Enquirer: 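Shown below is the structure under consideration.
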There are 2 protein chains.
Amino acid sequence: MTRERLYLFDTTLRDGQQTQGVQFSLAEKQRIASLLDGLGIDQIEGGWPGANPTDSAFFEAVPPLSRATMTAFGMTKRAGRSAANDDVLAAVLNANTPAVCLVGKTHDFHVSTALGITLEENLENIGASLAHCVAQGREALFDAEHFFDGYKANPDYALSCLLAARDAGTRWIVLCDTNGGTLPSEVARITAEVIAAGIPGDRLGIHTHNDTGNAIANTLAAIDAGARQVQGTLNGLGERCGNANLISIIPTLLLKEPYASRYETGVTVDGLKGLTRASRLLDDMLNRVPVKSAPYVGASAFAHKAGLHASAILKDPSTYEHVEPGIVGNARIIPMSNQAGQSNLRGRLAEAGLSVEKGDPRLAAILDEIKLREDAGYSYDTAQASFELLARRTLGLLPDYFEVKRYKVTVERRRNKRNQMVSLSEAVVVVKVGGEKVMSVSESLDASGMDRGPVNALSKALAKDLGPYQSYIDDMKLVDFKVRITNGGTEAVTRVIIDSEDGEGRRWSTVGVSANIVDASFEALLDAVWWKLARDGAPAPGRSAHPANTAPTDTSPDSTAPNDTAASGTAPDGAPA
Amino acid sequence: MTRERLYLFDTTLRDGQQTQGVQFSLAEKQRIASLLDGLGIDQIEGGWPGANPTDSAFFEAVPPLSRATMTAFGMTKRAGRSAANDDVLAAVLNANTPAVCLVGKTHDFHVSTALGITLEENLENIGASLAHCVAQGREALFDAEHFFDGYKANPDYALSCLLAARDAGTRWIVLCDTNGGTLPSEVARITAEVIAAGIPGDRLGIHTHNDTGNAIANTLAAIDAGARQVQGTLNGLGERCGNANLISIIPTLLLKEPYASRYETGVTVDGLKGLTRASRLLDDMLNRVPVKSAPYVGASAFAHKAGLHASAILKDPSTYEHVEPGIVGNARIIPMSNQAGQSNLRGRLAEAGLSVEKGDPRLAAILDEIKLREDAGYSYDTAQASFELLARRTLGLLPDYFEVKRYKVTVERRRNKRNQMVSLSEAVVVVKVGGEKVMSVSESLDASGMDRGPVNALSKALAKDLGPYQSYIDDMKLVDFKVRITNGGTEAVTRVIIDSEDGEGRRWSTVGVSANIVDASFEALLDAVWWKLARDGAPAPGRSAHPANTAPTDTSPDSTAPNDTAASGTAPDGAPA
């Protein structure tokens, strides 16, 4: 049986931008567009040209797309003028995207209340605007705003709006549950009635919001009724409670019946492996804490805490998992506390090139140390390099390369000669290396003379002179810096995660925790240097260099870890020396 | 038409306890039980007596319940012994709860794989165990584990398990989607077939998990098919992706058709007003960050960011809200953002007690300033106080209370006399206030002698002596500190958001942005002080005090804004002076 095509339309860059607290930069919009294209999304709604500087700039600088169709969003023309003479619509068309999506009213109450025009004028606005886009050779989409509420209030008028769009040659007519209050049974019924009224399902799209927690179910209900375009966002970003979450919907469509055997999408089953990474990448970009309980991709999605479950999982994972975690690029977690914890640990150590015999008492010692530190606010989910150092230390495989005797950082803000307020940081680090006491000082100004802050000054001072080890770290640079407020025991503390990179493009993450943000940063910086020395087999003080017991770089989890920088360009307050 | 009764069964204290990172204390279990009883939940599953010390202790000390039925959880007896001689089952019955819920296998594969017994033995275990509970005068419930997967694999056997429970006199037979992979259409079909096979709907319950994001829809589908008991947890706590979220389901059942007119529950429409508070209370108890996008109760659930939406909301809230926020105890938020239009701005100014005529050119000036700053990395969605200061400044309504001439912060880490590494920060702030130059110095140690870091030292030095204004800020304290790495123009910068509180319990948020994290923090601290002076009508230098032109505190959006800090107690690196 040949499978029918379902089309995936992503509006992360438009509706997703309505998320409270989310403010995409141009660079972020470009990276997200490439990410979506790489996943196999059919259509990307990039924003509203003319609505704000970032969106306008984005359409001037759309990254190369291998398959996705870039779409500009706008609204139907205002009444009392022709489509050609509507400047707002003109701005949208001037973005010169192959596809254009226009939102228009279909709820009579909104036409009178929000627009204050006649129902007939609104019909004319819809038809003329979309016909204008089609005449310009664009693929035209119509977002039927408030359609379900409108249909319940006045089905004939709501339908006449869709028919006006259809007759104008609109490729996709999208039923929008704008306020998010519609339930699945209603979506199923109304979508079927729309198709019966003359809008073919293969020209029908569904756009839902999660205000009752049914955005995903509403989407599936519309597909079941015949709609063939699915609109949503990555991680369910969007106004209020968010849009339908494509990260949850896509695996359901590809892995579960009746969808798996009935339909195909631009995303392949093999492509699903990139899903978890894509979800985390977006969170990191926005510095949002990933939702642990997120379907398919959450850190807890395959975590088995209940004793009965954990033991059954060891016999056969399918006993308590609806899909295999690896198929969406996620991983199974079985609490470190029980027996399974040790085999987990051994696997993770092996990834670091450290093989430890089953039942080795040091495994329990490592688990205890991790538990202790996680209670204090540390997190080793992403900070693999710090985890590796902790393990090497417990296993007695980490030389005492050098000792930090003390450091001092000064941050000063005052008026300069030109009477401008300027700030400058200065750091002094004193280390004892190979019996020698070495004192280094650096300041926080970057090449452009801009103050990059105290952590930047500290990182430069620390990396300035490590005597015999200097050659090992000269190619190191700090590429990202993330700060989270977390809870250590009873008190709140600051957790800093630092990503470093070396000349070979190797990338590793380290963690530091303290109530003092500079201290937490310094701890993470120190781990970064220490890991580099260990991985490159720097000799213990007073010994000659020897290759370290490590896995080849290309199998290192850090080198394969997602590039999770939250900020493009130079990382703030901790920039490369 | 008389409405049919739907029964609400909460398992927060049992299944919710399987949430990764959640470990209830006895006191927490007692508080949650009282909270559930107060909401009007019919039945509370308190835990598994004998499974762990906390659960056993809880059943010894169940708080007084006004209406809810306390239920103990356990599993059907093991094979090869009588129900009376099964010690695990005995421990459950010894908790002496009026109701007992036993989980049992209904999926043939699990009977052989996990239990390793014959299908007949399993049927006997189910029937005999539940009959034993009934004989002891308990209300008996049967959790049919893996029912939907089991039914799809072997419908006859799965049904025979339910019939064995029914014939034993079980009050509620609960269909569990244990692995959470079942979709709504399947739940609807299978539930209907179960009823057709002889299990009356008014003895049928539904227990779903959110592994595909359909837990809520699956619950509604089962109700539509005839099930009359709904199982779930507060905030959707639970193993992996969580259980069905009662906080989302209850308002849908009470406010939306067809449910509202068809059914009634122990929770009344009036009781819904306590829902947002209950949700936040649980998050506070577990020190979890409340999910902003949560349906009905999330801080963003009624936040209107898009300019078009915001302007319509000002005309008629129903244009972009599916229910009225107050009915679930939530509140409307109209945040600023470069998406926002002038009407949005005027609405937000009004909230700050600043009325500006429509079309006033200063509105455009304020919007331009906001756009400029948001492009530089600022965000005013949550930082209402900084927005208000920006507006007052542009409107010429902000006195120059004082001027910061310079500041200097030192962070030092070294060995103390006892040869331990210790850190200490010291801050000097120089301000010019009322013609006087005032110099203040503070260090970062808190009452317990712990170093709270440079921002803490800075906040204390700044608030130490503001001359004539000191009395206005003495009751101020810093209650939260958030850091984000964001993108300012082409370069990454640090955004700091600080929440402050005063003696009247008023709470406000301010923002600072810089490549230097200390600088960004200082800017936010300064705004916090400045806002307090403005709101409390501090006189301009050399003038006498006058009441500021402000709205009453209780209408300030900050005072009603939810507290979204994950960190309880003292905020790190910026603790109250």
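The sequence lines fix the lettering, A, B, ..., with proteins before strands; numbering per chain opens at 1. If you're wondering where the values come from, they're calculated on a predicted model, not measured in any experiment.
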Enquirer: Shorter than 4.5 Å, heavy atoms on both sides: which option in B:N218, B:D177, B:D519, B:T252 has the most such pairs with chain A?
Expert: B:D519

Enquirer: Quick check against the 3.5 Å criterion: does A:D15 have a side-chain atom that pairs as donor or acceptor with the backbone of A:G238?
Expert: no

Enquirer: Less than 4.5 Å to any heavy atom of chain B: does that hold for the side chain of A:L220, its backbone, both, or neither?
Expert: side chain

Enquirer: For chain A, which of B:I216, B:T319, B:N214 has the most heavy-atom pairs under 4.5 Å?
Expert: B:T319

Enquirer: Counting only non-hydrogen atoms closer than 4.5 Å, does B:F148 touch chain A with its backbone (N, CA, C, O), its side chain (CB onward), both, or neither?
Expert: neither

Enquirer: May I ask you to decide if A:E28's main-chain N or O and A:S25's side chain share a donor-acceptor pair within less than 3.5 Å?
Expert: yes

Enquirer: Is B:F522 in contact with chain A via its backbone, its side chain, both, or neither, using a 4.5 Å heavy-atom distance?
Expert: neither

Enquirer: Test your reading of the model: is there a side-chain donor-acceptor pair from A:E523 to the backbone of A:V513, 3.5 Å cut-off?
Expert: yes

Enquirer: Side chain of A:S444, backbone of A:S425: donor and acceptor closer than 3.5 Å?
Expert: yes

Enquirer: Passes side chain to side chain contact (heavy atoms under 4.5 Å, CB included), B:R240 versus A:H304? Steps please.
Expert: CA-CA 7 Å; B:R240 304 186 316 272; A:H304 305 281; 4.0 Å; yes

Enquirer: When you measure from the side chain of B:D446 to the backbone of B:S448, do you find a donor-acceptor pair of N or O atoms at a distance under 3.5 Å?
Expert: yes

Enquirer: Pick one of side chain, backbone, both or neither for A:E257, based on which atoms fall under 4.5 Å of a heavy atom in chain B.
Expert: backbone

Enquirer: Please flag which part of A:F24 lies under 4.5 Å from any non-hydrogen atom of chain B: side chain, backbone, both or neither.
Expert: neither

Enquirer: For the side chain of A:N235 and the backbone of A:L237, is there at least one donor-acceptor N/O pair under 3.5 Å apart?
Expert: no

Enquirer: Measure distances from A:L183 to the heavy atoms of chain B and classify the residue's part below 4.5 Å as side chain, backbone, both or neither.
Expert: side chain

Enquirer: Who among B:A215, B:S318, B:S379, B:A301 has the most heavy-atom pairs with chain A under 4.5 Å?
Expert: B:A301

Enquirer: In terms of heavy-atom pairs under 4.5 Å with chain A, which of B:E186, B:K405, B:E426 leads?
Expert: B:K405

Enquirer: Can any side-chain N or O of A:N210 pair as donor or acceptor with the backbone N or O of A:N243 at less than 3.5 Å?
Expert: no

Enquirer: With a 4.5 Å cut-off on heavy-atom pairs, point out which of A:A294, A:P295, A:S423 contacts chain B the most.
Expert: A:P295

Enquirer: Which atoms of A:H146 come close to chain B, meaning under 4.5 Å heavy atom to heavy atom: side chain ones, backbone ones, both, or neither?
Expert: side chain

Enquirer: Heavy-atom distances under 4.5 Å only: say whether A:K105 touches chain B with side chain, backbone, both or neither.
Expert: side chain

Enquirer: Would the number of heavy atoms belonging to other residues, nucleotides or ligands and lying under 6.0 Å from NZ of B:K256 be above 12?
Expert: yes

Enquirer: Can you say whether B:T178 sits under 4.5 Å from chain A via the side chain, the backbone, both, or neither, judging by heavy atoms?
Expert: side chain

Enquirer: Who wins among A:L458, A:D149, A:T19, A:L255 for the most heavy-atom pairs under 4.5 Å with chain B?
Expert: A:T19

Enquirer: Counting heavy-atom pairs under 4.5 Å with chain A, which one of B:R414, B:R413, B:M421 comes out on top?
Expert: B:R413

Enquirer: With chain A, which of B:V409, B:V323, B:V430 has the greatest number of heavy-atom pairs at distances under 4.5 Å?
Expert: B:V409

Enquirer: Would you mind checking which part of B:Q17 comes under 4.5 Å of any heavy atom in chain A, side chain (CB onward), backbone (N, CA, C, O), both or neither?
Expert: backbone

Enquirer: Side chain of B:N179, backbone of B:G181: donor and acceptor closer than 3.5 Å?
Expert: no

Enquirer: Angle between ring planes, A:H107 versus A:F109, binned at 30° and 60°: parallel, tilted or perpendicular?
Expert: tilted

